[in-house]
Amino acid sequence: MQALPLFFTLLRKEFVIEFRQRYAISGIFLYVFSMVFVVYTASIKVQPQVWNILFWLIVLFASINAVVKSFVQESGARQLYYYQLVDPVILVLAKIVYNTILLLVLSLLAFGAYSVVAGNPVKDMKLFAIVVLLGSLGFGIAFTFIASIAAKANNSATLMAILSFPVIIPIILTLLRLSAISLRLIQDTSYKRDIINLLAIDTILIALTFILFPFIWRD
Amino acid sequence: MKFFQSIRFIILVLFLSIHLPIVQAQGNRDFMRETGKIYVVVGVILLIFLGIVLYLVRLDRKLTKLESQLNEEKNEQPH
Amino acid sequence: MWWKTLSVALIIYAITAGMLVPLKPGITYVSPGVVKSGQDITLRVFGYNSFYTKARADEIRIWLQFDESNAVLGQKTAILNDTTVEASFQMPSGMPEKGTFAMLNVIVDHPVDGVSLLPSAVEFRLDTTATSKAGWQDNPIEQLHIVKDLSYPYRNVIYESIRNTYYHVPMWFALMFMFLGSVIYSIRYLKSQHLDDDKKAVAFTEAGLLFGLLGLVTGMLWAHYAWGSAWSNDIKQLMTAVALLVYLAYFILRSSFDEPEKGARLSAVYNIFAFASLVPLLYIVPRMFASLHPGAEGSPAFGSQDLDNTMRMVFYPSIIGFSLLGLWLAQLRYRYAKIQDVLYDID
């Protein structure tokens, strides 16, 4: 099969599987809503500073839980089947695109639920939207890659957290800073440089994923 | 194991030799801040030295295990 | 092997030269710390490592400096002892620029010791808001005695602990070299599938972790006495801690596989990924936040102000010495793993 149709086939496969196993995705969404309500019950009045940090924490934990299953759910036999048919780079690209879309939907929903219960202190919506998009992309790439490593080990859920947190820290620090700017907590006119930094980190990660994924895949 | 006992002894002596002057100096001023904070440098060098020694002790223990395994195998072979 | 001897020789050189070369003379503080306009006041300057008695009193000149062209020269200089010198100042009634107070620098010029300076040593308070340059001019700071000898720069607050540059900072460089070696062998392993390369990568990572821990601990000791607290959430401290977490995770990942070949392959992949994510961690992120560490805008390099030529003569050999020592430790660890392999194969 040609690369592009193959990519779309794989992407559609991800959506179809997700749609069939609706309990997984609804579990994640329920997780997000529970977290939001925990925040709500814990502190009625949320300061913008706290709002910012809590929002990204909710998104971070939900993202890890959403992505960790993306390789574990594939059975050994199915993996062997893919391995003979598919170019690993296209496979991982489909997974990354799917996970990015999933995380984007997830963070938008989290943002919606969160702003209903805790208020919406965002002043610069355009910047905030860019930040959420870039955040989903960064999380999508990094977590997909780590999930593919963790899936090969025995205790994948724990490993996923240990392996991904240190790697994600540069992304999350930049995201926190950018979204603080969009909340007008920090005055910084040169935030474009931070966006470029974030894009640079994403580029490095995605290039590495393409180079290294074939080595993980081979068994 | 005698080797480790001697190492423990050396480390103990090292610690004592650091601590004694501190106790003596506490009477008037902070020992570490005296004479232009030179003892901060001494502390840093000692920490690096101790870190490397501890790494070597760890490696030494691993090697001792290997040696004992090697000896066991040598004893088994004649049978 | 020659490089092991070299590493020991360089470290011994770094410790002896680093500890024996004296600091340049400096000024610890000036008393009193506040002077008023129009006041006729005697200031006492307390020197560090200075030998004031090696010159006659009239050869020593002391200025209170406002800026490049405005200063007050001290009169009736008197030497009390090697580290104390006095001079009386006729403070002008106005200030060259608008304002009600200013911080003045103290500059001492000594024919034997050379020039020493304490920035913002004395606060100058104004009774009026008048701006006048009277009394500030005609005291050019010139004909200074620049003494060239073997000594390290004097810095206030850190004093002698500037020598930690030769012991604390090389830990960091050695860590970078160790992790670099580790990632190179991980790449080689992925190419060659030879378990020896994986063993080398592990050995380098262990040595790198050791240097990372030492860098963090020595840094905390130094920070306690230089910045006031051992952990001040400085961005570079945080990033080093995160880097250590990455490599601790590497060891946990290794230990969670039963087959050595699979563990070696996946941990090699993670090692490369982690090293690449260290680059933004250490070079991009620190630039976004203020840091107590030296270096312009959180850049990892030193500026020319932080390191003079005398210090370079000890600093660079120290880096090479500690890095070679790390190589030695890694080699020992690798040889151990190799012997272990042979022993288990006999079973």
Side-chain angles (χ1 to χ4, degrees), chain A residues 138 141-142 144-146 148-178 180-181 186 188 190-191 193-219, chain C residues 179 183 186-193 198 209 212 233 235-236 238-259 261-290 297-298:
Chain A
I141 298 166
T144 306
F145 185 75
I146 299 291
S148 70
I149 295 179
K152 299 273 175 187
N154 307 325
N155 49 346
S156 51
T158 325
L159 261 186
M160 177 79 189
I162 304 173
L163 297 182
S164 58
F165 273 128
V167 175
I168 210 77
I169 279 182
I171 297 179
I172 202 131
L173 280 176
T174 323
L175 284 177
L176 274 174
R177 200 177 129 83
L178 276 171
I181 293 169
I186 320 172
D188 195 346
S190 62
Y191 61 83
R193 208 186 56 182
D194 288 346
I195 293 180
I196 290 169
N197 281 347
L198 209 53
L199 282 173
I201 296 174
D202 287 352
T203 316
I204 293 172
L205 293 185
I206 204 159
L208 275 172
T209 308
F210 287 163
I211 296 166
L212 294 175
F213 187 73
F215 291 102
I216 304 171
W217 191 233
R218 185 181 58 205
D219 242 341
Chain C
F179 286 165
V183 83
S186 280
I187 293 169
R188 277 182 63 161
Y189 173 74
L190 287 183
K191 276 189 183 164
S192 69
Q193 306 292 314
D198 178 60
L209 261 180
N233 279 338
I235 189 73
K236 285 189 182 172
L238 284 174
M239 292 301 113
T240 313
V242 170
L244 292 187
L245 281 183
V246 170
Y247 284 93
L248 287 175
Y250 169 82
F251 281 104
I252 291 173
L253 179 70
R254 285 194 73 82
S255 61
S256 61
F257 292 100
D258 300 329
E259 309 147 59
E261 190 271 336
K262 194 174 168 187
R265 178 160 49 86
L266 288 171
S267 53
V269 167
Y270 181 70
N271 191 7
I272 298 167
F273 194 68
F275 187 81
S277 70
L278 272 184
V279 175
L281 208 64
L282 304 173
Y283 294 95
I284 298 179
V285 174
R287 283 170 206 272
M288 305 194 309
F289 300 90
E297 283 188 351

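Quick note: numbers below take in every heavy atom, side chains included, and nothing from hydrogens, waters or symmetry partners. Note that this is a predicted model, so its numbers are computed, not measured. Naming convention: chains lettered A, B, ... in sequence-line order (proteins, then strands); numbering from 1 in each chain.
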If we only count heavy atoms from C-beta on, is the C:V246 to C:Y270 side-chain gap below 4.5 Å?
-> yes
Any idea which of C:I272, C:L238, C:L190 has the most non-hydrogen atom pairs under 4.5 angstrom with chain A?
-> C:L190
Among C:L245, C:L248, C:V269, the residue with the most heavy-atom pairs under 4.5 Å to chain A is C:V269
Out of curiosity, [X] [atom1] to [Y] [atom2], how far, rounded to the nearest 0.5 Å?
| X | Y | atom1 | atom2 | result |
| --- | --- | --- | --- | --- |
| C:Y189 | A:F215 | OH | CZ | 10.5 Å |
| C:F273 | C:S186 | CZ | OG | 14.0 Å |
| C:L209 | C:F179 | CG | CZ | 5.0 Å |

Among C:R188, C:K191, C:R254, C:K262, salt bridge (Lys or Arg N to Asp or Glu O under 4.0 Å) partner for C:D198 = C:R254
Need one label for [X]: side chain, backbone, both or neither, based on atoms under 4.5 Å from any heavy atom in chain C.
| X | answer |
| --- | --- |
| A:L208 | side chain |
| A:I162 | both |
| A:F145 | side chain |
| A:I146 | side chain |

Can you name the residues that form a side chain to side chain donor-acceptor pair (under 3.5 Å) with A:T158, not counting sequence neighbours?
-> none
Heavy atoms only, distances under 4.5 angstrom: which of [options] has the most pairs with chain C? Name it, please.
| options | answer |
| --- | --- |
| A:L163, A:I149, A:V167 | A:L163 |
| A:T174, A:T209, A:I211 | A:T174 |
| A:L205, A:L212, A:I169 | A:L212 |

With A:D194, which residues qualify under salt bridge (Lys or Arg N to Asp or Glu O under 4.0 Å), at least two apart?
-> A:R177
